[in-house]
Structure formats: structure tokens, C-alpha cells
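The chain is numbered in sequence order, starting from 1. Each ligand, and each atom within it, is numbered from 1 in the order the structure gives.
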Amino acid sequence: MPFKRNVYARSVYQEPAPILDRDNPFQSMMERFDIAAEILELDPGLYEYLCTPARIHITAIPVTMDDGRMKVFEGFRVIHNDILGPSKGGIRYAPDVNLDEVKALAAWMTWKCAVVSVPFGGAKGGVICNPREMSPGELERLTRRYTANLIDVFGPDRDIPAPDMNTNEQIMAWILDTYSMHARRTENAVVTGKPILLGGSQGRKEATGRGVMTVTLAAMEELGLRASQCSVAVQGFGNVGSTAARLLAEQGCKVVAVSDVSGGYYNPNGLDIPAMIDYATANRNSLEGYQNADPISNDELLTLDVDVLVPAAREDQITEKNAPHIKAKIISEGANGPTTPDADDILNENGVLVIPDILANAGGVTVSYFEWVQDRQGYFWTLDRVNRRLDRAMRTAFENVFAASNKYNVSMRIGAYVMAIDKVASALRMRGIYA
Ligand code: NAD
């Protein structure tokens, strides 16, 4: 399907299409949304409703730093949609996080939950800060004040945060504690991705990478490839990238390259992923200085002659510049929004099977849902049970998206959007508009 820039918006409103900022992740999400909306012939009012975030919270977070100075940070929480259930989404700590990025990530969560049939809406949070330059005490005070500022927004039946870039189990534990102090009871279902001791789920930490592995294997089957014949390159060696690399290697794939912010690491005979994970764990989660591989640049990694490419770092890594040189047959998007719309067109033309982010990395929110269910039941599942249910959910979602893309003769990304938007739009029609 040829790419059309905001065609649907233009045709339904009879106005010139807005000039899009191609580096803006919200616009990039909307471009895919538009194509799906056109296929579904969405009613213009419904279209507008589904592309508008339900609520946007911007909050100033004063923190006393270790040297006694007060510093004010800016934090966001965007609730994109809560038609299917309480809203769900991670919190990102980064120096360059901004409202547009958080809006895009919140909308992606809505579509992602719908793709894997998890009864949640979509949300996302962000705080502009550099956690690498902050002490644990400063991070704790920042997290607690951010939570206190948003105390009426969060809640197990309202909006449930989770970790995202630069946030982790410890930060979730502080949110749980702060929320529980205000609620005057321990409320462990208010966050997911927390430590197991505090009501976290077995398998949650590895869930996103595990989901990436499951859908990648499903895509290999569709293309008639066997894992033992496939070479893999993984961009990003954090939670998602390192887990996906380890599990794909365990399935027999040859992981020949990985990268993180320190650069790329290549070995045509296959890297020792467990050794690299141990190295990074002992080195503040960085591969910097790892010796048993050849150095390559990030761009070289993306265009290596491999069967599978797993972008698991950040947005906008696969662009119109490097897409023509990508040789992988399968791209499995561990990261959110790693491929720009222009790059998508090129990859489609070149016959690359792209497993879109809203499907490929939905394992995390799926086990987050399992965690929330377990917290509310007060009954906890074994790792084996969690993994079996996750694998089944990811396989089913892959098959549904694959079927939708065949039905409408579109890419898997557009197939996933069509499926998700149709589901949320149908729920909205059933609920009706409260006036
Ligand atoms: P993380 O902070 O644990 O890891 C990010 C990794 O990417 C690090 O290794 C970092 O060094 C690397 N990186 C950053 N910029 C890079 C660059 N330009 N080139 C190469 N490497 C770079 O984060 P994560 O939790 O693994 O998340 C990664 C991506 O997956 C994000 O887009 C996130 O939104 C998405 N995601 C995460 C989860 C989850 O459960 N953690 C779920 C769904 C989606």
C-alpha cells in the first residue's frame, strides 16, 4: 500500500494536511493510524476521538539534591485512552524525553494492549532527568514526588505505571510504597514490573524479550526458515535487547552482532551472549570495553548481512537513509517506533517482513497484565505457567495480525493497527458517548 501523508485527515476534514515533522514520534504514529483509519473507513468523529489523548498531566517535581540545592524537574503522564480498561504504560526517565514522545508512546500502548487482547487502555509517563548523573537518594526523592503529584491519576483501577527506559524494579517499589502510604494500605496492583517479593510476577523482567523471541520464531516459520539456520543482529543491549539475544541464541540462532550506546560488537561465528550479559551487568549495564568481538558502528550493525534484525534501543533508528541497505529478511521491533514511515515503505518494497512494535514488544504488557491479575487474586503463578500463557498470547496475536495483513493486503504493521483500532472503535461504539 503506498504511503499517504495524513490523507485520511485531509479527506474527512476537507482541510490541507498539516505539515508533518518527520522526526516527531507522535506524527510518525499518526501516519500509520491514518492508513488504518482509511481502510476501516472510520467515522470522522471517531477518528478525532481516537487520535486525541484523553488526559495530559504535566507536573513540576521539586527535588532536594544531595548538595542541598533544590532542583525542579518536569514530569508527564499521558492517558491516551481507557475505553478497554484502566490505562497502562511505563515511565521513562531521560534527559531528552518530551511530551510528543510520551503522547506517541501512550497511544502505542492503547494499540498494543488491543493487539494482544489485554483489557487495558494506553498511557505513558516521562520525567526529564539524567538518571546516570543522579544518586539513588535523588532518584528516590524524584520518584516519590512524581508519584505524589500524580496520586489521583494512578490506581489499580485507573492508571497503572510500569518500567520503561531508565526505570526499573526499584523505582516501581518506590511508587508502590508512596501510593500505599497515601492510600493507607498496601496496594501492590498499582504498578507492575516491581520486585517479586512485593507482588511482582515471575517472568516479567524477561517478558518483552521473550515475546520478541516468540514472534520472531513464528515469522521464521512463515518464511520457511529454521532458527538454527538464522543469523541475528540486535541493536540495544538493555532489558529487551539482551533478553531477546539470549533467548534467540538458546533457540539455536547465531547472534553475530549486538550494540549499546558504547558501540557495536561483532563476531561472524556468533557472540557469547551469556558472557556479554555478565560483562554488562558487572559494568553498570554497559558493554564498553568488551574485548571478545570486533568493533562495528551502529549503522554497520543495522545493515549487516543477517536473517533477523532486532532493533531494541530507541525510536527512529531505521530511516530512509539506511533502510535501502538493510539485508535482514525479518525485522522484529523490540523497541517502540524504531522504524520511520519512509523506511517502512522501502522495507515493504524490498519484501522485508517487519514485525511491528505494537506486536513484537507486547510481551511486557502481557505479563504486566498477568502480574496485575495475580496481585488482585492474591495468588501467584509459577514461571512455567507465566511463560506458557505468554507464549500462547504472543503466538495468537502474531497469527491474528498476520491474518489481518493478508486480508487487507497490507504490511503487518498496518494489519496490527487495523486490528487494534477496530477493536477500540467497536468498544467505544458499544459504550457510546456519555453526555
Ligand atoms: P534499557 O534502558 O534497558 O536499554 C536500552 C539499550 O539501548 C541500552 O543498552 C542502551 O545502551 C541502548 N542504546 C540506546 N541508544 C542506542 C543507540 N543509539 N544505539 C545502540 N544502542 C543504544 O531499555 P529497554 O527496557 O531495553 O527498552 C528498549 C526499548 O524497548 C525502548 O524503545 C522501550 O520503549 C522498548 N520497550 C521496552 C519494554 C520493557 O519491558 N522494558 C517493553 C516494551 C517496549
Go through ligand 1 atom by atom and flag the ones less than 4.0 Å from a non-hydrogen atom of M165. 2 (O), 31 (C)

To which protein heavy atom is [atom] closest, and what is the distance rounded to 0.1 Å?
atom	value
atom 25 (O) of ligand 1	N239 CB, 3.8 Å
atom 22 (C) of ligand 1	A313 CB, 3.5 Å
atom 19 (N) of ligand 1	N298 ND2, 3.5 Å
atom 14 (C) of ligand 1	V261 CG1, 3.5 Å

If only atom types and distance count, is the side chain of W372 paired as donor or acceptor with the main-chain N or O of P156 below 3.5 Å?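 Between the backbone of P156 and the side chain of W372 there is a qualifying donor-acceptor contact (under 3.5 Å).
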
Are [X] and ligand 1 in contact, using a heavy-atom cut-off of under 4.0 Å?
X	result
P163	no
R204	yes
E315	no

I'd like to check whether [X] has a polar contact with ligand 1, where a contact means an N/O of the residue lying under 3.5 Å from an N/O of the ligand.
X	answer
K112	no
F237	yes
G238	yes
T208	yes
D164	yes
R92	yes
N361	no

With under 30° as parallel and over 60° as perpendicular, where do the rings of Y417 and W111 fit, or are they tilted in between?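 Ring orientation, 0 to 90° scale: tilted.
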
With under 30° as parallel and over 60° as perpendicular, where do the rings of Y279 and Y290 fit, or are they tilted in between? perpendicular

Could [X] and [Y] be called an ion pair, given the rule that one side-chain N must be under 4.0 Å from one carboxylate O?
X	Y	result
R395	E399	no
D66	R141	yes
D357	K112	no
D177	K194	no

Going by the side chain to side chain contact (heavy atoms under 4.5 Å, CB included) test, name the single residue among V256, V308, D307 that passes it with V232.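 Exactly one option meets the side chain to side chain contact (heavy atoms under 4.5 Å, CB included) with V232, and it is V308.
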
Could you name the option among D260, D357, D299 that has the heavy atom nearest to atom 20 (C) of ligand 1?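 Going through D260, D357, D299 one by one, D260 has the nearest heavy atom to atom 20 (C) of ligand 1.
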
Minimum distance, heavy atoms only, to atom 27 (O) of ligand 1: which one of T167, L287, D316, V240 is it?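 It is V240 that holds the nearest heavy atom.
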
What salt bridge (Lys or Arg N to Asp or Glu O under 4.0 Å) pairs are there with at least one residue in residues 79-106, not counting sequence neighbours? R55-D82, R92-E101, R92-D164, R92-E315, D96-R314, D100-K103, E101-R314

Sequence neighbours left out, what passes side chain to side chain donor-acceptor pair (under 3.5 Å) with E333? Give chain and number order. T339, R413

Counting C-beta onward and ignoring hydrogens, is there a side-chain heavy-atom pair between L287 and V258 closer than 4.5 Å? yes

